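Everything numeric in this text was worked out from a predicted model, so none of it was measured.
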Amino acid sequence: MTVNLSSPSLFARIRQSDLWYSFTRQRSAVFAAILLAVLIISAFTAPLYAPQNPFDPAQLELWNAEIPPIWLEGGQWPYLLGTDTQGRDILSAILYGSRISILIGIASVVFALIIGIGSGLAAGYYGGYVENGLMRVGDILLSIPTILIAILVSAIVRELLPPSLREVGAAGVLVLAIVLSGWVQYARTVRAQTAVERRKEYVQAAQLLKVPARRIMFSHILPNTLTPILVAATLNFGMAILTEATLSFLGIGMPPSQPSLGTLIRLGNQFLFSGMWWIVLFPVLQLCLLVVSVNLLGDWLRDALNPKLR
């Protein structure tokens, strides 16, 4: 008789985990995951089927401007959701704009995680002046509304950039503005967890063995702080998309030549009372679907990883 000693595959281990069981039993989480996957895949595969590239002025046709959605009188194929005042296909603009919003949201969360985790580990592990200095900076940033910090940073950086680079570097400025106002939450969470973990025996044993502090922080302490960080990152992904949309709506985000969802909403809002409601309605719906799906996943993840609710 032969005994199969091979370890189960990664997919098999995932299906046997408590997290997968919780996910499959939570209908809202399954719906949110499917919806988010559809939105992301459709955004990043838009060049394959979108009627036009809204970022290419050569493809804009002014004689096809202000066409209503295809189910209304005057609608034309292939403009399923109509066109705006520049002849830009609304569906194509939404798909390409969603890609920009998603990329800015992901980049903002990643860089905020890097800064926040590094700052939190250093503050919680070393304590003293390092902790006081980093946390006081965080307290100052937390005392100012996030959107005001983002507006201030975005406005200052834009003025410092040469006019020729302002449109090219618009996405980078948005990421910087969101990161500077978003790293504090991760730093405070990691700092609190690190302050608890550094007093435990396994950390003290590593210190006695002269293990470098950086290795202790990133190899031993950090894995024990990832649960709340993962939940916070998921929820903050939706908040980063909203912040980008807000800045773009206020006119200090993405330019009209490279419109994100916030820019599309700002441009469409100017014609809301002119009868061309579709220019603003569909980007708003896309933004709502993105944020709601992310928040539903974040809420499920928070409950699933909470040991008190098991």
Side-chain angles (χ1 to χ4, degrees), residues 35-62 64-70 78-109 147 150 154 158 166-178 237-272 276-295:
L35 176 60
L36 184 61
V38 170
L39 294 175
I40 293 176
I41 292 173
S42 62
F44 284 91
T45 58
L48 299 177
Y49 56 85
Q52 65 179 209
N53 181 357
F55 298 165
D56 185 4
Q59 297 189 25
L60 304 184
E61 301 172 344
L62 292 179
N64 286 327
E66 302 179 11
I67 296 176
I70 196 169
Y79 308 116
L80 298 179
L81 301 183
T83 61
D84 62 8
T85 56
Q86 300 179 10
R88 181 188 288 126
D89 176 55
I90 298 297
L91 177 60
S92 301
I94 288 174
L95 294 174
Y96 278 79
S98 298
R99 182 166 55 179
I100 291 179
S101 297
I102 291 169
L103 286 175
I104 291 176
I106 293 174
S108 302
V109 170
I147 191 64
S154 181
R158 280 179 178 277
R166 289 177 183 175
E167 287 195 5
V168 177
V173 173
L174 282 173
V175 172
L176 176 63
I178 298 172
F237 174 55
M239 185 58 64
I241 293 176
L242 271 182
T243 303
E244 181 278 323
T246 303
L247 293 174
S248 297
F249 181 81
L250 295 174
I252 54 177
M254 297 301 297
S257 59
Q258 295 180 339
S260 65
L261 291 177
T263 308
L264 292 174
I265 295 171
R266 175 172 63 86
L267 297 175
N269 187 59
Q270 303 172 7
F271 306 97
L272 181 60
M276 292 177 286
W277 49 267
W278 58 88
I279 301 179
V280 66
L281 176 62
F282 296 119
V284 169
L285 290 177
Q286 179 80 348
L287 179 62
C288 291
L289 290 176
L290 264 175
V291 176
V292 168
S293 61
V294 171
N295 286 344

Sequence neighbours excluded and cut-off under 3.5 Å, please list the side-chain donor-acceptor pairs for residues 280-294, or say none.
{"unit_1": "Gln286", "atom_1": "NE2", "unit_2": "Ser98", "atom_2": "OG", "d": "2.9"}
{"unit_1": "Ser293", "atom_1": "OG", "unit_2": "Leu289", "atom_2": "O", "d": "2.9"}
{"unit_1": "Ser293", "atom_1": "OG", "unit_2": "Leu290", "atom_2": "O", "d": "2.8"}

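In terms of heavy atoms, Ile102 sits closest to Phe44 at CG2-CE1, 4.0 Å. Smallest separation of non-hydrogen atoms from Ile241 and Gly105: CG1-CA, 4.4 Å. In plain terms, the two heavy atoms of Leu91 and Leu80 that are nearest each other are CD2-CD1, 4.0 Å. Taking all atoms of both residues into account, the shortest heavy-atom contact from Ile279 to Ile90 is CA-CD1, 4.1 Å.
Taking the side-chain contact (heavy atoms from CB on, under 4.5 Å) definition, one finds that Ile67 meets it with Asn64, Gln76, Tyr79, Thr83, sequence neighbours left out. Under the rule for a ring-ring contact (aromatic ring centres under 6.0 Å, His included), the partners of Tyr96 that lie at least two apart in sequence or sit in another chain are Phe55. Evaluation of the side-chain hydrogen bond (donor to acceptor under 3.5 Å, both in side chains) rule for Ser101 yields Glu244 as partners, not counting sequence neighbours.
Looking only at distances, a side-chain donor or acceptor of Thr263 sits under 3.5 Å from a matching main-chain atom of Met254.
Here the straight-line distance linking atom CG of Leu95 with atom CG of Leu48 works out to 11.0 Å at 0.5 Å rounding. Of the inter-residue distances, the one linking Ile106 atom CD1 with Ile40 atom CD1 reads 6.0 Å to the nearest 0.5 angstrom. To the nearest 0.5 angstrom, Phe237 atom CZ is 10.5 Å from Asn295 atom CG. Distance check: Ser260 OG to Arg266 CZ gives 9.0 Å after rounding to the nearest 0.5 Å. Rounded to the nearest 0.5 angstrom, Ile100 CD1 and Leu174 CG are separated by 10.0 Å.
For residues 42-51, there are no side-chain hydrogen bond (donor to acceptor under 3.5 Å, both in side chains) pairs, not counting sequence neighbours. For residues 81-108, every residue pair satisfying the salt bridge (charged side-chain N to carboxylate O under 4.0 Å, His left out) rule, not counting sequence neighbours, is listed here: Asp84-Arg88.
A side chain to side chain contact (heavy atoms under 4.5 Å, CB included) with Ser92 is found for one member of Pro54, Pro47, Pro78 and no other, namely Pro54.
Around the CE atom of Met239, the shell of radius 6.0 Å holds no more than 12 heavy atoms that belong to other residues, nucleotides or ligands.
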- Verdict with reasoning, Leu267 to Gln86, per side chain to side chain contact (heavy atoms under 4.5 Å, CB included): CA-CA 11 Å; Leu267 297 175; Gln86 300 179 10; 5.6 Å; no
